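In what follows, a single structure is set out as structure tokens and then discussed.
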Amino acid sequence: MASAALLRACLEVIHFSGASQILRATLRGKGSIFCLHHVCPGGGLQTGFAPNSKLEVTPKFLEQIILLSRKHGLETVSIAEAARRITTPKPNDKPFVVFTLDDGYKDNQIYAQPIFDRLNCPYTVFVAPNIANGTCELWWRALEHIIAQNEHLKLTTPQFVCDIKTKTEAQKSAAWNKLSVVIAALPELAQRTAIRALAKAYDFNLEKLCLSVAMTWDEIRAINKDPLCTIGAHTMNHYSVKKLTSEQCTYELTQSKLEIERELGEPVQFFAYPYGDEPAAGPRDFAIAHKAGYLASVTTRKGVVFEDHKNHMQALPRIMVSGRYQKLRYIDALISGAPTALLNRMSKVNVS
Ligand SMILES: [Zn+2]
């Protein structure tokens, strides 16, 4: 069984067995931090070749998650309030849920902000300055477009060699499965060189892609005027920081903070590690985030937030909301803490 299907089956069992209700009281911890990317009509529901659709959810699903969280007695709070409840808890603090959106896409402002505003729900958008500037390659989206638009990819670069038919849907999926793994595994600078070579060979404009999906600085300033919105940092270039040297990692974390602060004229106190899983960010990077002056940083290590996280504020877990799991019963099971407790072998903190 594929891992996605296996996880879906686990979530179904946990939901329908009633286990999530029983376990909820002990395993849900202090709260949950959701990780989203795109919010747009039809998001994640595409049929055919659309490998990045997992990064999209519909506005309706976002609204349903907010309402479901509140139904379970979770308070929708800002990331600053969640950080306060973790570091300096008060007896009357209720369990919380935080909504975060990574990368700073235009659809956040067009489709997500009106929902957050209507439901009075705080949210955080993590911005990478060079995505806003249009100079970040967004290699995963570029690769999807290049495969979708061509019938054969043939290229030799110092980073990789490919000679793959991409005519049928099955061929496109197979090409994605192969090339996305090869490109993701490259060192960060080589990865960007490789996608630039592929884009050049197939006449694909990376800057146009980036500018078409990313919020401009004016748009970021506009969304930041919303009292419910917090802007956080997400590195300069959307690099997997664990693959960088300490100096490069320090630059990405400190410079992104400085540039966003300069653009917005206010402090930036929160950070999200790009990709955010174990291969993308580790203990060295958590220490650098602390030194860079962030109050808290979020990963995509799977889990809910427990009391022990007060000692690991630069490595908070999140729950990824996937476009391929747009069923409330999956979210219901995830915020119970039960699936991630099983995944983490009942360990509450996963920071090593
Ligand atoms: Zn990101």
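Read the numbers this way: they start at 1 and go in the same order the structure lists the ligands and their atoms. For the single chain, residues carry numbers from 1 onward in sequence order. Values below: all heavy atoms of this structure, side chains included; hydrogens, waters and symmetry mates excluded. Bear in mind the structure is a predicted one, so any value in this text is a computation, not a measurement.
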- Given OD1 of D103 on one side and NE2 of H238 on the other, what angle do they make at the Zn ion (ligand 1), to 10°? 100°
- Message: So does E144 get a backbone contact from the side chain of K172, meaning a donor-acceptor N/O pair under 3.5 Å?
- Response: no
- Message: Between R318 and D102, is the salt bridge (Lys or Arg N to Asp or Glu O under 4.0 Å) condition met? List the steps.
- Response: CA-CA 12 Å; R318 284 194 289 177; D102 286 10; 2.9 Å; yes
- Please determine, by modelled atom types, if N350 and R301 share a side-chain donor-acceptor pair under 3.5 angstrom. yes
- Compare all side-chain heavy atoms of F270 with those of Y294 and state whether any distance is below 4.5 angstrom. no
- Message: So that I can check it, does any N, O or S atom in D102 come closer than 2.8 Å to the Zn ion (ligand 1)?
- Response: no
- Query: Are any N, O or S atoms from H234 nearer to the Zn ion (ligand 1) than 2.8 Å?
  - Reply: yes
